[in-house]
Amino acid sequence: MYVNSCVVHLVGSKVFITDPACCSRSKDEAVLTDYLDERQLEPVAVLLTHGHFDHVSGLKSIKKRWPELPVFIHEADSACIGHDSAVEQGKALALARYTSFLPECSDLPEADGFLCDGQTLGELPLKDISSDTKDALNKWKVLSTPGHTRGSVCLYNAEEKILIAGDTVFYHAWGRTDLPGGSERRIMDSLKKLFRELPPDTKVYPGHEYYGFELRENFNFI
């Protein structure tokens, strides 16, 4: 489904992962773990921009490789992961007519904490991280952007002008709102908030397809 899973460098060998999508059904289950191992990179957290099935299907393989690696999601989407994840995921998959994917997003790892609007990633309850790693995490801020789901978030680095947008912003488009928790009004409000508060030359890394475009390229769509 062409999900853009991100490995974001912090300092030294430390990184964080967003929206791991590698799974057995897409025959790329080991792509992300192999990438990290081959480069001797050490993930400190998994951050989910929202809870849809295509963005969380790699959680089991990630946690199999790093059992203690913490997972964070907005509380409003927390039912999409955890041991009862099949209930919430089944609703979205039924509407998307893709119920055959349900095994990949059933009985998922539980959240270790929640992403809250305005907090920096350095404020997350992470164990045994150095002050340098925490400083690097503090450069990233959580922006609540409901609409695609109730708990959709973006991750923003003001210093580097980078926005990891999940399915809130696409190139000349935005995320669908016809699945459970979606709202066209809310996503329009979220887009206006981003366009109002972030620099127009912010580089956007969305949850699917073309990435690295500038936020200003979408201004005329709102």
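Distance check: T168 OG1 to R186 CZ gives 13.0 Å after rounding to the nearest 0.5 Å. In this structure, CH2 in W140 is found 8.5 Å from OG1 in T18, a value given to the nearest 0.5 Å. Separation of atoms CD (E123) and CG (L115) is listed at 11.5 Å; rounding is to 0.5 Å. The CD1 atom of I162 sits 9.5 Å away from atom SG of C6, with the distance rounded to the nearest 0.5 Å. Considering CG of N4 and CZ of F170, their distance stands at 9.0 Å, rounded to 0.5 Å. The distance from the CG atom of D37 to the CD atom of E42 is 10.5 Å, given to the nearest 0.5 Å.
By the 4.0 Å N-to-carboxylate-O rule, R150 lies too far from D77 to be salt-bridged with it.
The local environment of CG in D128 is sparse, with at most 12 non-hydrogen atoms from other residues, nucleotides or ligands closer than 6.0 Å. The local environment of OH in Y211 is sparse, with at most 12 non-hydrogen atoms from other residues, nucleotides or ligands closer than 6.0 Å. Within 6.0 Å of atom CD in E197, more than 12 heavy atoms from other residues, nucleotides or ligands are found, so the atom counts as buried in its surroundings. Counting heavy-atom neighbours within 6.0 Å of K193 NZ, excluding the residue itself, gives a total above 12. Around NZ of K161, the count of heavy atoms belonging to other residues, nucleotides or ligands within 6.0 Å does not exceed 12. Around the CG atom of D189, the shell of radius 6.0 Å holds more than 12 heavy atoms that belong to other residues, nucleotides or ligands.
Neither side chain, D132 nor S130, offers a donor N or O lying under 3.5 Å from an acceptor on the other. A donor-acceptor pair shorter than 3.5 Å can be found between the side chains of S24 and E104. Residues H148 and D167 bring a donor and an acceptor atom of their side chains to less than 3.5 Å of each other.
Applying the side chain to side chain contact (heavy atoms under 4.5 Å, CB included) test between C154 and each of L194, T49, V142 identifies L194 as the sole match.
The two residues P109 and I81 make their nearest non-hydrogen contact at O-CB, 3.6 Å. Contact record, P20 with L59: CG-CD2, 3.9 Å, taken as the closest heavy-atom pair. Taking each heavy atom of C80 and L108 in turn, the nearest pair found is O-CD1, 3.7 Å. Considering all non-hydrogen atoms of both residues, V15 and L10 come closest at C-CD1, 3.9 Å. Pairing each heavy atom of L126 with each of L137, the nearest pair is CD1-CD1, 3.5 Å. What you find for D19 and V3 is that their closest heavy atoms are O-CG1, 4.1 Å.
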task = In sequence, state the C-alpha distance, the side-chain angles, and the governing distance for S100 and R25, and then conclude on side chain to side chain donor-acceptor pair (under 3.5 Å).
result = CA-CA 10 Å; S100 61; R25 185 175 180 86; 3.1 Å; yes
request  = Show your reasoning for whether side chain to side chain donor-acceptor pair (under 3.5 Å) applies to E29 and S61.
outcome  = CA-CA 7 Å; E29 186 174 10; S61 64; 5.0 Å; no
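Inter-residue side-chain proximity for S183 and T177 is flagged as unmet; no heavy-atom pair is nearer than 4.5 Å. The shortest distance between side-chain heavy atoms of N157 and L163 does not fall below 4.5 Å. Put simply, the side chain of D201 does not reach to within 4.5 Å of the side chain of L215, judged on heavy atoms. The closest side-chain heavy-atom distance from E217 to Y171 is below 4.5 Å.
Between H55 and H208, the ring centre distance stays below 6.0 Å.
Between F101 and Y98, the two ring planes are parallel [angle under 30°; tilted spans 30° to 60°].
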